[in-house]
There are 2 protein chains.
Amino acid sequence: MSIKGIFPIDQWDFESESILADLPSGDLELLMARKSEQLYKKGEIIFREGAFPAGIFYIVNGKAKKYKVDGEGREQIIYVANTGELLGYHAILSGDNYPDSAAVLEESLITFIPREDFLDAIKQSDVLNRRLLKTLSHEFAVLANSLTMFAQRSVRERLALQLIVIREKYKVDFEPGQPVEINMGRDDLASLVGTARENVVRMLSEFKEEGVVTTKGRKIIVLDVKKLIKIANYR
Amino acid sequence: MSIKGIFPIDQWDFESESILADLPSGDLELLMARKSEQLYKKGEIIFREGAFPAGIFYIVNGKAKKYKVDGEGREQIIYVANTGELLGYHAILSGDNYPDSAAVLEESLITFIPREDFLDAIKQSDVLNRRLLKTLSHEFAVLANSLTMFAQRSVRERLALQLIVIREKYKVDFEPGQPVEINMGRDDLASLVGTARENVVRMLSEFKEEGVVTTKGRKIIVLDVKKLIKIANYR
DNA sequence: TAAAAAAAGTGAGTTATATCAATTTTTATA
DNA sequence: TATAAAAATTGATATAACTCACTTTTTTTA
């Protein structure tokens, strides 16, 4: 029972299709000519805000967060990237340094593609070019959506919404029909929702009392997606 | 006395350079071949969220807001576009309908460019292509910045920050050295800051007492940018 | 220029959320 | 498996921001 349709998740998630999926083999070879693979341990940082973008990263397997840290050290998660997604290309295209940091949420296998190879591939490949324009403009719409949510929704509504969205990302790790376990630390969940850890925990207990979610250790299992949609107050 | 440097406004504003500025004349001709111009009266809507994107819009002269309206009819301004900027191209590139609405903030002269001409121009022009990739990825960084602000900053800090950013946009309408008058309705200012009109008004009075701003009718004049930066608590 | 309409501004009461301090549970490590 | 460390949870209190009701000022229009 997918929630697409009743809840247009495309509006909340960048990855309606991957940038590299089904790329003409020549273009892909060019891109991957000098790649290097690395296994990141949980919590390891992929790149840091402000650093020179030496290349882009492809998540072969795992999950990563894109985030910003403000003056007081508070972390704000912009996006959670999943297996198959690309990281770090915005900076190379814009000509700025990395505008945000990225770190791995669980043990992840990640491919590094040098800056020059990425730029060459863009020059060569019309498909990649179109794909990037399409992805970037879609990402913009998704982010504008998030912005509106942060500006107008209550913490309770935001938590409900993020649980729906994040559940979809953990779904791929479970057999269809099996309960999806969201294995995310409360601090990360809080910085995704834009509030303090304590508030997330308190509202999770409320959701538990209301029969919307349950927990298994630190893992969160959504019992009633429709109720969550109602709480999120999404038209 | 520009605030660039002490306050890196590029991080808060898309338009470090225009997409169409200095475009090779051939490319520009192609783009403008079948344009049509129209004078919009204050408040008029340029396009509506959810509509099919029939083309893109170029602001020859004036200002426009990009905004979203939520279920309860509350408006959230995503961005304020100025003379020389392009509107509505995200939807055409992403293949979705318009993800947001646009309306004119003051009487504005706007050029309409049909969808097909824009798509043809992209096919033909490498410069336009690169320009779009660069702009889109920069825009993404700016929006991520705004997102963080909404998630973490107080209304007071957000208002201070937006006054700085918005002042830069009204600056072009005044002689250098002359006081810049921000001529924006309180409702628009509120939906830019993400709060209710009453809160904006209250905090503007506070700012007035503190000698940071003054008003002239409904117009707002910033007296002390540095103090605003301090209030915005921007590192 | 007067009247009407729209926008801006003020005040008081209420609520959601942040913050601080402590305890309990879970996970990692020896 | 016991112990230490880390993470999650609960409670109490403070406060920023929202909402509603109303007044005053500014702008529009007749």
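We use all heavy atoms of the structure for the numbers below, so side chains are in, but hydrogens, waters and symmetry mates are not. As the structure is a computational prediction, the values presented were derived from the model and not from experiment. Within every chain, numbering begins at 1; the chains are lettered A, B, ... in the order of the sequence lines, protein sequences first and strands thereafter.
From the 5' end on, the contacts that DNA chain C makes with chain A at under 4.0 Å to a non-hydrogen atom open and close at C:dT17 to C:dT27.
If you check distances only, the side chain of A:Arg186 never reaches the base of D:dT10 with a donor-acceptor pair under 3.5 Å. Side-chain atoms of B:Glu198 and base atoms of D:dC18 include no donor and acceptor less than 3.5 Å apart.
In this structure, B:Met184 places its CE atom 20 Å from P of D:dT26, rounding to the nearest Å. When the C1' atom of D:dT27 is taken as reference, atom NZ of B:Lys42 falls 9 Å away, rounded to whole Å. As rounded to whole Å, 15 Å separates atom P of D:dA7 from atom CG of A:Leu189. The distance from atom NZ of B:Lys41 to atom P of D:dT27 is 20 Å, rounded to the nearest whole Å. At whole-Å resolution of the value, CD in A:Gln152 and P in D:dC18 are 11 Å apart. The separation between B:Phe150 atom CZ and D:dA17 atom P is 13 Å, rounded to whole Å. Distance, A:Arg156 CZ to D:dC18 C1': 18 Å, rounded to whole Å. Distance NZ (A:Lys208) to C1' (D:dT10): 12 Å, rounded to an integer number of Å.
Closest approach to the A:Arg197 side chain among D:dA16, D:dT19, D:dT9 is made by D:dT9 (side chain taken as heavy atoms from C-beta onward). Taking the side chain of B:Ala196 as heavy atoms from C-beta on, and the options D:dA12, D:dT19, D:dA17, the nearest nucleotide is D:dT19.
Counting heavy-atom neighbours within 6.0 Å of B:Glu175 CD, excluding the residue itself, gives a total of 12 or less.
Atoms CG and CG, from A:Leu159 and A:Leu204 in turn, are 5.5 Å apart once rounded to the nearest 0.5 Å. Rounding to the nearest 0.5 Å places CG of B:Asp100 at 9.0 Å from CG of B:Leu87.
Between the side chain of B:Arg197 and the main chain of B:Thr195, no donor-acceptor pair closer than 3.5 Å is present. A donor-acceptor pair is defined here as one N or O able to donate and one able to accept, closer than 3.5 Å; such a pair exists between the side chain of A:Asn82 and the backbone of A:Lys169.
Here A:Phe140 and B:Phe140 keep their ring centres 6.0 angstrom or further from each other. Taking the six-membered ring where the residue is Trp, the centroids of B:Phe57 and B:Tyr89 are separated by 6.0 Å or more.
Residue whose closest nucleotide on DNA chain D sits further toward the 5' end, between A:Gly217 and A:Ala151: A:Gly217. Between A:Arg218 and B:Leu204, the residue anchored nearer the 5' end of DNA chain C, judged by the nucleotide with its closest heavy atom, is B:Leu204.
Within the 4.0 Å cut-off from OP1 or OP2 of D:dA17, not a single side-chain nitrogen or oxygen of B:Asn199 is found.
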